[in-house]
Amino acid sequence: MRLDGKTLIVTGASSGIGAAAARLFADEGARLVLGARRENLLDAAAAQITAAGGQARWLAGDVGDEDYARGLVRLAEDAFGGLDGAFNNAGMVGDLLPAPDLDSATWQEVLRTNLTGAFLAAKHQIPALRRRGGGAILFTSSFVGTTRAGLPGMAAYASSKAGLRGLVQSLAAEHGHEGIRINALLPGGTLTAMAGDDPAGHDAIAALHPLGRMAQPEEIARAALFLLSDDASFVSGSAMLADGALSARL
Ligand SMILES: NC(=O)c1ccc[n+]([C@@H]2O[C@H](COP(=O)([O-])OP(=O)(O)OC[C@H]3O[C@@H](n4cnc5c(N)ncnc54)[C@H](OP(=O)(O)O)[C@@H]3O)[C@@H](O)[C@H]2O)c1
């Protein structure tokens, strides 16, 4: 029970890595506030956790909306009496197009969701962690944009995920003295909706990884569990790869 007694926010909890993390964190004793836009999936995820004996609430919204960031924190404090950490994991890829063909609205939407959303989350979570006397925040970045893995058609996504590393370093330096740890997790290709459902596409992504396959979302969730638990009590300001050695071979 590595999260026993802790209250955590998990965004992107309606699917993929976030949904797997929510199930795992609940099994490890956490009380959860689940976030994403699709109400039916959040409701089902919370019901599944409750049926298994855990505690979960949910609030649907857009992570790029500051009121939503504020609302998730308020729900954690109202429902469970405080906040101990957050897995800010919601993200999107957007159209996979060469930069000259990418419209600026898509660029803005990807940056707003992946990077501005992360900033807004931290902005409202850090004061709550401070009220609690410390805590941990984890962002889902990616091998894309952060290692030597430049991939065509991913200018907006790569820029947003690279930006998260700068955000992590800055926040970790700002809030370490308050007992607040801030980290980024960099998954490799993971079998979620984001990776599509084309087997040939999966094979091509799998082939990039020396482990010879894509990750299951549960494997990424276990890496997130480490970074949010007290097992990582001296890990802050880091960008941890869980990429099946992809970036080691590039
Ligand atoms: N799959 C991969 O290969 C891979 C690799 C490296 C990093 N990642 C990162 O891992 C994270 C999770 O992605 P995934 O692979 O689990 O994909 P996924 O199954 O598509 O999940 C994405 C999640 O983000 C939520 N989301 C997207 N835009 C949102 C918004 N504006 N407001 C609130 N929630 C939003 C989605 O929920 P709603 O649609 O219900 O809002 C969904 O729960 C992302 O940050 C992604 O960039 C994925």
Side-chain angles (χ1 to χ4, degrees), residues 8-22 25 33-38 41-42 45 58-66 68-69 72 85-97 102 105-125 137-147 149-151 153-168 171 182-197 201 205 214-221 223-224 227-228 239-243 246-247:
L8 268 62
I9 291 168
V10 177
T11 67
S14 61
S15 132
I17 293 168
F25 296 177
V33 170
L34 309 179
R37 291 165 301 183
R38 286 170 290 178
L41 296 181
L42 291 177
W58 59 268
L59 181 67
D62 180 339
V63 293
D65 172 359
E66 183 159 7
Y68 183 58
L72 288 170
F87 184 28
N88 297 313
N89 162 77
M92 63 175 291
V93 180
D95 299 331
L96 296 178
L97 292 170
L102 191 67
T106 303
W107 168 273
Q108 298 283 2
E109 187 188 4
V110 173
L111 270 289
R112 177 177 180 273
T113 302
N114 294 358
L115 188 55
T116 306
F119 161 70
L120 294 173
K123 176 179 171 180
H124 291 282
Q125 290 160 3
I137 294 176
L138 178 62
F139 300 97
T140 307
S141 177
S142 172
F143 70 94
V144 177
T146 54
T147 64
L151 295 180
M154 301 193 94
Y157 185 74
S159 301
S160 69
K161 294 300 185 181
L164 283 178
R165 288 194 67 170
L167 180 67
V168 159
L171 296 178
I182 316 270
N183 290 292
L185 178 60
L186 282 54
T190 307
L191 286 159
T192 68
M194 186 174 282
D197 54 11
I205 298 171
M214 294 176 72
Q216 294 294 336
E218 290 75 15
E219 294 179 282
I220 305 304
L227 289 166
L228 283 165
M240 193 178 101
L241 287 161
D243 74 341
L246 181 152
S247 55

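- With sequence neighbours left out, E109 forms a salt bridge (Lys or Arg N to Asp or Glu O under 4.0 Å) with no residue at all.
- Qualifying side chain to side chain contact (heavy atoms under 4.5 Å, CB included) partners for L120, counting only residues two or more places apart in sequence or in other chains: E66, A69, T116.
- In this structure D65 satisfies the side-chain hydrogen bond (donor to acceptor under 3.5 Å, both in side chains) test with no other residue, sequence neighbours excluded.
- For A224, the side chain to side chain contact (heavy atoms under 4.5 Å, CB included) test picks out F25, F87, L138, L185, with sequence neighbours left out.
- Put simply, the side chain of V144 does not reach to within 4.5 Å of the side chain of K161, judged on heavy atoms.
- For V110 against G94, the heavy-atom pair with the smallest separation is CG2-CA, 4.0 Å.
- In this structure a side-chain-to-backbone donor-acceptor pair under 3.5 Å is missing from S15 to A13.
- By the side chain to side chain contact (heavy atoms under 4.5 Å, CB included) test, L111 is found to be paired with W107, L115, A156, S160, residues two or more places apart in sequence or in another chain being considered.
- Not counting sequence neighbours, D95 has no partner by the salt bridge (Lys or Arg N to Asp or Glu O under 4.0 Å) test.
- Counting all heavy atoms, side chain and backbone alike, A242 lies closest to A223 at CB-CB, 4.3 Å.
- Judged as a side chain to side chain contact (heavy atoms under 4.5 Å, CB included), and not counting sequence neighbours, the contacts of A36 are S14, L42.
- Taking CD1 from I220 and CE from M214, the interatomic distance works out to 10.0 Å, rounded to the nearest 0.5 Å.
- Minimum interatomic distance between N88 and A121 (heavy atoms only, all atoms of both residues): OD1-CB, 3.5 Å.
- Applying the salt bridge (Lys or Arg N to Asp or Glu O under 4.0 Å) test to every pair with at least one member in residues 183-196, sequence neighbours left out, gives no pairs at all.
- Looking at heavy atoms from C-beta onward, D243 lies out of side-chain contact with L186 at the 4.5 angstrom threshold.
- Every residue two or more places apart in sequence or in another chain was checked for a side-chain hydrogen bond (donor to acceptor under 3.5 Å, both in side chains) with S159, and none qualifies.
- At distances below 3.5 Å, at least one donor-acceptor pair connects side-chain atoms of T146 with backbone N or O atoms of F143.
- Every side-chain hydrogen bond (donor to acceptor under 3.5 Å, both in side chains) that T140 has, sequence neighbours left out, goes to N89.
- With hydrogens and angles ignored, the 3.5 Å screen pairs a side-chain donor or acceptor of T11 with a backbone N or O of A90.
- Side-chain contact check for L72 versus H124: every heavy-atom pair is 4.5 Å or farther apart.
- Listed for the Y157 side chain is no donor-acceptor partner under 3.5 Å among the backbone atoms of G145.
- In terms of heavy-atom proximity, L8 sits nearest to A86 at CG-N, 4.4 Å.
- Between the side chain of T192 and the backbone N or O of M194, at least one donor-acceptor pair lies under 3.5 Å.
- Residue L241 comes nearest to S247 through the heavy atom pair CD1-OG, 3.3 Å, listed as atom of the first residue, atom of the second, then distance.
- Just one residue in the list V168, N183, N114 forms a side chain to side chain contact (heavy atoms under 4.5 Å, CB included) with F139, and that residue is V168.
- Here S142 pairs with nothing under the side-chain hydrogen bond (donor to acceptor under 3.5 Å, both in side chains) rule; sequence neighbours left out.
- A heavy-atom distance below 4.5 Å is not found between the side chains of L171 and I137.
- In this structure, R165 has no salt bridge (Lys or Arg N to Asp or Glu O under 4.0 Å) partners at least two apart in sequence or on a different chain.
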